[in-house]
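Written out below as structure tokens is the structure these notes cover.
In this text, all values refer to a predicted model and were calculated from it rather than measured experimentally.
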Amino acid sequence: MGVSVLSGKAQFFELIASDDVTIIEFWATWCGPCRIIAPVFEKLSETTSGPKFYKVDADQEEEISQEAGVRAMPTFMAFKDGEKVGELVGANPQKLMELVGQFAS
């Protein structure tokens with residue numbers, strides 16, 4: 001399925017309210033660790049069924065980043081039914097696999 005780009009607060013609220021798990025990567029173009037972990041997130045999105053995968057450019061979508069409470073890059077957050085159900089701050093492939101694995105079907 002791959003990773004889709006999330007844009008706009010309306011789409012953000014719609015996705016996190018879903019009864020599907022949505023995992024969002026908050027990243028920035030200037031963030032070196034973001035570039036390192038992005039291919040891992042992409043691969044997980046292609047090999048894991050269940051959650052939906054999105055990415056948000058935190059600089060272009062500041063409203064979404066503020067709404068989610070993002071304070072560092074990269075940050076990965078999982079949402080379901082409007083609630084945050086998981087979070088990982090930093091570019092740690094093993095911990096990212098564990099976060100995604102919790103929601104795999």
(request) Can you see which heavy atom on Pro33 is nearest to which on Ala91, and at what distance? (result) O-CB, 3.6 Å
(message) Hydrophobic clustering (ILVMFWY, side-chain heavy atoms < 4.5 Å, transitive) - are Val21 and Val100 grouped together?
(response) yes
(request) First locate atom CD of Glu83, then atom CD1 of Ile16, and finally report the distance between them rounded to the nearest 0.5 Å. (result) 8.5 Å
(request) For residues Ile37 and Pro74, report the shortest heavy-atom separation together with the two atoms involved. (result) CG2-CG, 3.9 Å
(request) Calculate, to the nearest 0.5 Å, the distance between atoms CD1 and OG belonging to Ile64 and Ser7 respectively. (result) 7.0 Å
(request) Evaluate whether atom CD of Gln60 has more than 12 neighbouring non-hydrogen atoms of other residues, nucleotides or ligands under 6.0 angstrom away. (result) no
(request) Following the transitive rule for hydrophobic clusters with a side-chain heavy-atom cut-off under 4.5 Å over Ile, Leu, Val, Met, Phe, Trp and Tyr, establish whether Leu44 and Ile23 coincide in one cluster. (result) yes
(request) Determine the minimum heavy-atom distance between Phe26 and Ala68, stating which atoms define it. (result) CZ-CB, 3.7 Å
(message) Within this structure, what is the CG-CE distance for the pair Leu99 and Met97, rounded to the nearest 0.5 Å?
(response) 12.0 Å
(message) Tell me every residue that passes side chain to side chain donor-acceptor pair (under 3.5 Å) with Asp59, counting only those two or more places apart in sequence or in another chain.
(response) Trp30
(request) Might you confirm whether atom NZ of Lys9 has over 12 heavy atoms from other residues, nucleotides or ligands at distances under 6.0 Å? (result) yes
(request) Output, in order, the C-alpha distance, side-chain angles, deciding distance and verdict of side-chain contact (heavy atoms from CB on, under 4.5 Å) for Phe13 and Glu67. (result) CA-CA 10 Å; Phe13 285 124; Glu67 193 65 46; 3.5 Å; yes
(message) Counting neighbours of NZ on Lys52 that are heavy atoms of other residues, nucleotides or ligands and sit closer than 6.0 Å, is the number greater than 12?
(response) no
(message) If you compare all heavy atoms of Leu96 against all heavy atoms of Val40, which two are closest, and at what distance to 0.1 Å?
(response) CD2-CG1, 4.1 Å
(message) Quick one, Gln94 and Glu98 - any side-chain contact, counting heavy atoms below 4.5 Å?
(response) yes
(request) Under the side-chain contact (heavy atoms from CB on, under 4.5 Å) rule, what do Gln11 and Tyr54 come out as? Steps first, then yes or no, please. (result) CA-CA 11 Å; Gln11 184 187 18; Tyr54 289 87; 4.1 Å; yes
(message) Just so I know, are the side chains of Met77 and Val70 near enough to count as touching, which here means a heavy-atom distance under 4.5 Å?
(response) yes
(request) Measure the NZ-CD distance between Lys55 and Glu42 for me, rounded to the nearest 0.5 Å. (result) 6.5 Å
(message) Would you compute the distance between atom CE of Met73 and atom CD of Glu25 and round it to the nearest 0.5 angstrom?
(response) 10.0 Å
(message) As an exercise, state the distance from CZ of Phe53 to CG of Leu6, rounded to the nearest 0.5 Å.
(response) 14.0 Å
(message) Once you measure the plane-to-plane angle for Phe12 and Phe79, does it fall in the parallel (<30°), tilted (30-60°) or perpendicular (>60°) bin?
(response) perpendicular
(message) Could you report the tightest heavy-atom contact between Val56 and Glu61, atom names first, then the distance?
(response) CG1-CB, 3.7 Å
(message) Ignoring hydrogens, what is the shortest heavy-atom contact between Asp57 and Ala28? Give both atom names and the distance.
(response) OD1-CA, 4.4 Å
